[in-house]
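Along the sequence shown, residues carry numbers from 1.
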Amino acid sequence: MRFAVSLLMFICVASLIGTVLEQNDAPNTYVDKFGPFWFALFDKFSIWHVYNSWWFLLIMTFLVVSTTICLVRNTPRMIRDARSFREYVRVSSLRAFHHRVELASAIAPQEVAKRAQEWLSGNGYRWKAREDADGILLAAKRGGANRLGYIFTHAAIVIICVGGLLDSELLLRAEIWLGGKHPITQNMMIADVPASGRLPMGNPSFRADMLVPDGGTSSAAIVNIDSGVLVQPLPFSIKLKKFYIDYYSTGMPSSFKSDVQITDFKTGKSFDKVIEVNEPLRYKGISVFQSSFDDGGSKLDLVGYPLRGENDKTFEVNGTVGQVAKLPASAGISNVTVNLTGLRVINVENLGSGKAPQPKDLEQKVAAVTGSAVSAKNKDMRNVGPSVQYRVVDRNGQAHEFTNYMLPMHLDGSEVFLAGVRQSDSGPYRYLRIPADANHSVAEFMSLRAALNDPALRAQAAGQFALHNANAVAQQPLLQKAAEGALDSFATGGFNEIVARVPPAEREKVLGFAVPMIQLSLAELRNINRVRQGMAPISRTGSGAQAAQRWTQQALLALANLPDYPAPVFLSLKNFQHVQASVFQVARSPGKSIVYLGGIFLLIGVFSMFYIRERRIWVWICPRGQGSSMLAAMTSQRRTMDFNREFSRFKDAFTRLFT
């Protein structure tokens, strides 16, 4: 029993860890939270999925075995003791009891025994009489069900643990160890999964996930195990007729549900059902829960803008969320892979003044709009429209996540596009601000970027800068050379390239001179590029001059950050066909009913132990002259104040009856 209690304490501690620590997250989430060393140490004990770890299941198994042995050994003895009246107790033993009473009575022994029996029966005691030559012994008891409390409580522990083991991965791992099943680790269609990667339809216990797009049908769920998956076939199919979702004013989902059609393979009959959160479908012993929602393969039309070299030719990319986007050969980009990972049609962000400061480089968070709003009362919350998410993987396997908004936003008085980037799924996005042109697009900025990488256009822009800003004609060549050198360095690596060429003590002075010169040179380059493309140059005076200056400032900061932007291409969302998908959790839990039964046993056991008290009374009656003498004793397992008061009532009652 001590061993069982120790195991129970271990289970309590493990359950506390599993409750406090978020379970079954991506490994990089725990690496970011604890660091590589502690992650490697904790990973050996599988605390990321405590309830299915080998040591937790082993402790549960030992607890079941230990408690079962305890029950088998002690239950017969407890039942015999509860049924026994202990009528062979000795008179000398009764005198050793603390709670006893001795009386002398003028009433005959038989009459005394009769009155004692009536009192015992009237107060709920069962009794048994033993008569011999020396006298009459009445052995009575009450509350014998108290012993059942111990039996039911310990049986409840066994039953609940067995139910937990049935709903754990124990049976699934038994299939892998003994049934020749092998988790699938590579990407393949469900129809192509071999028999070794499929679980039997009659699998007694499983918990799996299923994604069904709008209008789609599925009859197989995915069970995640270790670093792979197994396919769990179902005895019915689920067709998603329509997925419904409502949002709060903050952009967070308020409710979502699925209108599905269930078709039984055995009978061929179909019926409709609405599955909502906390309102699952239960059919043929399988529960289907509304878990979440996802993209079901939305069709995306994207426009690609090169970010390297002098090339400014755009290209179209058509793809499906969840698949690899094929870049056209004309793009000249062959060393990366683009995976389209998501589409969000609603993005409610905080666009309040002062909420999104402009950084100096991409290593800072470029905007404070990093997530959905959390307060519906905030008037700065705006729906900024759709955004697309994709992952770019280079030839070395390095991957970065990107999110680009389809529409421009008004931040700090300017209309800009936000281009977010992060290195892992668990990290926050850092945003690059790209100024929008008169057509509310990024086209002019991307054209300016390509022009900045053209040496001839840089030289021409530096000449125009010197022409308009030199105090004398003799100074123009020197000023042009300085501007051309600054533009060359800026085009190569932004401001970091400029400051890297000067001593640290002089960097602030150099930047104070170079930044205004580069900004004015960019304004000249913008006009040269506009004329080259058949557009009118920006006027240096008038109402539009201030807006043009602000646009150039935004372009300057964006171009300064582009060398740190880890992608050779920028993808802008042009159009989309949104396809929703419902994510279901499918489970067969035979242990649930067993756990409920164990819970009932536990209630009965705890009630019996704490609210039923066993009391025993022995009354020894022997002749004494014309009357009789009586010795009575009372005992209980727990001698509380209530027991003392009960003995006082018993003593007073017998004193009145026999004296």
Side-chain angles (χ1 to χ4, degrees), residues 295 297-345 362 385-396 398-408 415-421 431-457 491 525-526 528-530 532-535 555 558-559 561-579:
D295 194 282
S298 297
K299 308 298 181 182
L300 304 180
D301 297 330
L302 305 166
V303 178
Y305 295 90
L307 295 180
R308 302 289 185 267
E310 306 172 24
N311 182 18
D312 65 347
K313 293 183 179 180
T314 62
F315 52 89
E316 292 191 357
V317 178
N318 300 317
T320 303
V321 173
Q323 298 182 9
V324 176
K326 295 182 179 180
L327 303 181
S330 60
I333 302 173
S334 58
N335 58 347
V336 298
T337 302
V338 178
N339 300 307
L340 302 177
T341 58
L343 171 70
R344 293 185 61 181
V345 296
L362 194 62
S387 64
V388 61
Q389 292 77 43
Y390 56 90
R391 181 185 293 109
V392 176
V393 185
D394 62 20
R395 64 175 62 184
N396 297 321
Q398 294 292 324
H400 288 83
E401 299 276 345
F402 297 86
T403 180
N404 297 335
Y405 288 83
M406 183 179 185
L407 304 176
E415 194 176 53
V416 297
F417 286 88
L418 290 183
V421 58
Y431 288 88
L432 175 71
R433 292 184 183 185
I434 300 176
D437 55 26
N439 296 321
H440 309 288
S441 73
V442 298
E444 187 171 0
F445 171 81
M446 293 299 176
S447 179
L448 178 64
R449 181 215 62 79
L452 180 63
N453 285 271
D454 188 334
L457 293 180
L525 181 62
R526 181 187 182 191
I528 293 172
N529 192 50
R530 287 175 65 89
R532 193 169 65 114
Q533 293 182 348
M535 296 186 293
L559 290 169
N561 290 323
L562 270 184
D564 296 321
Y565 192 75
V569 63
F570 174 82
L571 298 180
S572 177
L573 182 60
K574 178 182 178 182
N575 201 357
F576 62 88
Q577 180 183 351
H578 190 211
V579 178

Quick one: salt bridge (Lys or Arg N to Asp or Glu O under 4.0 Å) partners of R391, sequence neighbours excluded? E401

Closest contact, heavy atoms only, L571 versus N404: O-ND2, 2.8 Å

Can you list every pair that meets side chain to side chain donor-acceptor pair (under 3.5 Å) and has a residue in residues 442-451, with sequence neighbours left out? E444-R526, E444-R530, S447-N529, S447-Q533

Within the side chain of D437, is there an N or O that forms a donor-acceptor pair under 3.5 Å with the backbone of N439? yes

Salt bridge (Lys or Arg N to Asp or Glu O under 4.0 Å) pairs, two or more places apart, involving residues 327-342: none

Write out all pairs satisfying salt bridge (Lys or Arg N to Asp or Glu O under 4.0 Å) with one or both partners inside residues 320-337, taking only residues at least two apart or from two chains. none

Who are the side chain to side chain contact (heavy atoms under 4.5 Å, CB included) partners of V303, not counting sequence neighbours? Y305, T314, K574

Side chain to side chain, Y390 and L300, heavy atoms closer than 4.5 Å: no

Residues in salt bridge (Lys or Arg N to Asp or Glu O under 4.0 Å) with K299, at least two apart? none

Can you confirm whether L573 sits close enough to L343 that some side-chain heavy atom of one is under 4.5 Å from a side-chain heavy atom of the other? yes

Measuring only between side-chain heavy atoms, which start at C-beta, is L302 closer than 4.5 Å to L340? yes

Minimum heavy-atom separation for A491 and N453, please, with both atom names. O-OD1, 4.1 Å

Any donor and acceptor pair, going by atom type alone, linking the side chain of S298 with main-chain N or O of V579 inside 3.5 Å? yes

Taking all atoms of both residues into account, what is the closest heavy-atom pair of P566 and F402, and its distance? O-CZ, 3.6 Å

Looking only at heavy atoms, what is the nearest atom pair of F417 and L407, with distance? CE2-C, 3.7 Å

